[in-house]
Protein chains: 2
Amino acid sequence: MLSDVMEDYLKTIYQIQARSGPPVSTSAIATALDKTPATVTSMLGTLEERGLITREKYKGAELTREGETVALEVLRHHRLLEAYLAERLDYSWSEVHEEADALEHHISEEFERRVAAALDDPAVDPHGDPIPSADLAPLEDDDATPLSTREVGDTVVVSRVSDRDREELEYLAEAGITPGTTLGIVDVAPFGMVTVETDDGGEQSLPESIAEAIYVVDADTDGTDRDAGSDVQEAGNA
Amino acid sequence: MLSDVMEDYLKTIYQIQARSGPPVSTSAIATALDKTPATVTSMLGTLEERGLITREKYKGAELTREGETVALEVLRHHRLLEAYLAERLDYSWSEVHEEADALEHHISEEFERRVAAALDDPAVDPHGDPIPSADLAPLEDDDATPLSTREVGDTVVVSRVSDRDREELEYLAEAGITPGTTLGIVDVAPFGMVTVETDDGGEQSLPESIAEAIYVVDADTDGTDRDAGSDVQEAGNA
DNA sequence: TTATTACTTTAGACGAGTCTAAAAGTGGAT
DNA sequence: ATCCACTTTTAGACTCGTCTAAAGTAATAA
Ligand SMILES: [Mn+2]
Ligand SMILES: [Mn+2]
Ligand SMILES: [Mn+2]
Ligand SMILES: [Mn+2]
């Protein structure tokens with residue numbers, strides 16, 4: 001059996017690896033988990049012994065297939081919980097992350113199945129992140145890029161939004177920007193300020209930090225299979 | 001902040017104290033939590049320092065008001081979770097206990113509120129045990145006694161059923177005996193075997209171990225306020 | 001009253017996960 | 001080619017919750 005702590009390390013390594021690719025540095029993990037680098041080095045040793053990661057000294061870590069499976073399991077729990085809380089317990093999308101973090105290590109497989117069944121096997125969580133399937137098959141990486149990398153004139157659809165910052169999420173819910181929203185980029189000002197036009201014709205100016213947290217795809221690349229779970233995306237963003 | 005482990009000790013002390021009164025012996029706690037007596041002695045020292053229990057050496061422990069409040073909080077979480085799982089996720093009453101045990105330390109106060117609201121503030125859990133109120137006021141002790149202490153001719157109503165043994169609970173669900181069921185005692189045989197007649201006229205013979213786990217009140221003392229939450233009692237006992 | 005027995009506490013050890021401080025390695029700039 | 005700044009690892013310590021083994025206490029039986 002793996003401890004909660006080990007599960008959190010594996011989840012974190014997975015997420016950094018998904019963004020920046022392996023190897024994942026000690027300090028990146030330390031920052032993400034708010035631990036000292038020395039602590040991380042020690043735990044990486046344990047995870048390596050258990051066959052969950054491979055490691056090159058002074059370079060960084062990489063998940064093994066087994067480690068990846070554990071990470072996907074935890075991520076499935078996390079995202080199913082987020083979806084359930086938003087859909088069935090009236091949580092807003094800015095509140096679900098912390099609650100899911102606290103519960104993800106403690107639910108049974110039976111609970112996981114029942115929650116998934118209650119929601120009819122949702123494909124994405126309230127932030128637009130894909131929910132790993134029950135068989136824990138690897139997730140394909142998506143082609144979404146931050147809004148901050150796009151240019152004036154682009155028309156894009158919001159694919160997902162980083163769920164790490166409550167205030168950002170509240171701001172975006174207020175602005176009516178959630179997964180599925182279509183945005184036209186009207187202006188890009190100095191310091192990364194992006195002005196967008198929403199479906200309803202309104203204009204919003206978004207600071208760079210927000211524009212970096214919004215992942216978008218081209219409008220014509222839209223609605224392929226990501227939208228299967230858009231009922232969940234729509235829910236509880238008041 | 002209290003650890004999960006401390007919460008479990010306090011919950012356990014509360015439950016033993018409710019059954020047998022203080023002081024609660026080291027060995028009783030050790031048995032209930034499946035730890036060694038030495039371990040329990042050590043933790044009792046910690047709980048005493050924190051002001052959660054009082055203690056007389058070689059005699060046993062007793063909860064302070066503060067300790068009792070913590071225990072009631074954990075118990076509220078546990079029983080609300082059991083009720084929610086049975087009512088909203090289709091769990092049977094034999095499955096809820098373990099899941100609630102795993103989750104009770106990890107839900108937020110917000111989650112507690114939302115679950116309570118979703119169920120319309122249930123008064124009892126699926127086993128008939130009272131759910132402490134949100135203000136954590138002490139529970140009055142009920143007057144229910146084990147079916148095994150009753151005599152031929154008595155007509156009684158099931159008040160609650162011990163939730164510790166899955167197989168017992170499955171057996172009872174099968175037999176149609178749940179909180180609220182009226183039973184007539186038809187026979188008491190050697191070795192404590194009790195034969196009862198159920199509402200529908202059927203007869204059941206219950207081994208002593210089962211009869212000890214069923215807490216009943218006199219039929220005429222019935223339906224005072226315990227029945228406020230009988231919708232919950234009825235749910236999910238397939 | 002004393003001896004037996006059961007229970008409780010003390011003493012000491014250990015694994016998990018964490019930290020701080022110091023040593024070692026890495027990679028770019030001079 | 002050497003040095004410097006930064007990162008990583010090592011070394012050692014600490015807390016928490018647990019255990020085993022030994023010693024102490026209480027209650028009862030002889
Ligand atoms: Mn799972
Ligand atoms: Mn999310
Ligand atoms: Mn609570
Ligand atoms: Mn119960």
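Just so we're on the same page: letters track the sequence lines, and every chain starts at 1.
Residue-level contact check: A:Thr26 touches the backbone only, with heavy atoms under 4.0 Å from sugar-phosphate atoms and none from bases.
In this structure, A:Asp135 places its CG atom where more than 12 heavy-atom neighbours from other residues, nucleotides or ligands lie under 6.0 Å away.
A:Ile29 places its CD1 atom 16 Å from the C1' atom of C:dT18, with the value rounded to the nearest Å. In this entry the distance linking CG of B:Leu2 with C1' of D:dG17 reads 15 Å, nearest Å. As a whole-Å value, the separation of B:Leu47 CG from D:dG17 C1' is 12 Å. The distance between atom CD of B:Glu56 and atom P of D:dT25, rounded to the nearest whole Å, is 15 Å. As rounded to whole Å, 17 Å separates atom P of C:dC7 from atom CG of B:Leu44. A:Asp8 places its CG atom 13 Å from the C1' atom of C:dG17, with the value rounded to the nearest Å. The interatomic distance linking A:Glu49 (CD) with C:dG15 (P) rounds to 13 Å, in whole Å. Across the protein-nucleic acid pair, A:Lys35 atom NZ and C:dT20 atom P stand 13 Å apart, rounded to whole Å.
Between D:dT7 and A:Ser27, no contact under 4.0 Å exists linking OP1 or OP2 to a side-chain N or O. Contact annotation: B:Arg55 side-chain N/O to C:dT9 OP1/OP2 distance is under 4.0 Å. In this structure, B:Ser42 does not reach the C:dT9 phosphate: none of its side-chain N or O atoms is under 4.0 Å from OP1 or OP2. At the phosphate of C:dT10, OP1 or OP2 sits under 4.0 Å from a side-chain N or O atom of B:Lys57. Distances shown here put every side-chain N or O of B:Ser25 at or beyond 4.0 Å from the OP1 or OP2 atom of C:dC7. Checking the phosphate oxygens (OP1, OP2) of D:dG17, no side-chain nitrogen or oxygen of B:Thr39 falls inside 4.0 Å. Within the structure, every side-chain polar atom (N or O) of B:Thr46 is placed at least 4.0 Å from both OP1 and OP2 of D:dG17. Note on B:Arg50: every side-chain N or O is 4.0 Å or more away from OP1 and OP2 of D:dC16. Put simply, A:Tyr9 has a side-chain N or O that comes within less than 4.0 Å of OP1 or OP2 on C:dT18. In terms of phosphate contacts, A:Thr41 brings a side-chain nitrogen or oxygen within less than 4.0 Å of OP1 or OP2 of D:dT9.
Electrostatic pairing of A:Arg113 and A:Glu110 counts as a salt bridge here, judged by a charged N lying under 4.0 Å from a carboxylate O. The pair A:Lys11-A:Glu104 meets the salt-bridge criterion, since a charged nitrogen lies less than 4.0 angstrom from a carboxylate oxygen. A salt bridge is defined here as a Lys NZ or Arg NE, NH1 or NH2 lying under 4.0 Å from an Asp or Glu carboxylate O, and B:Glu68 with B:Arg65 meets this definition.
Between B:Phe111 and A:Tyr91, the ring planes are tilted. Angles from 30° to 60° get that label.
The residue among A:Met43 and A:Lys59 whose nearest nucleotide of DNA chain C is located toward the 5' end is A:Met43.
Taking only side-chain atoms of B:Ala38, from C-beta outward, the nucleotide of C:dT10, D:dG17, C:dT20 with the closest atom is C:dT10. The side chain of B:Tyr58 sits closest to C:dT9 out of C:dT18, C:dT9, C:dG25.
The side chain to side chain contact (heavy atoms under 4.5 Å, CB included) test with B:Ile29 is passed by exactly one of B:Asp8, B:Thr39, B:Ile13: B:Ile13.
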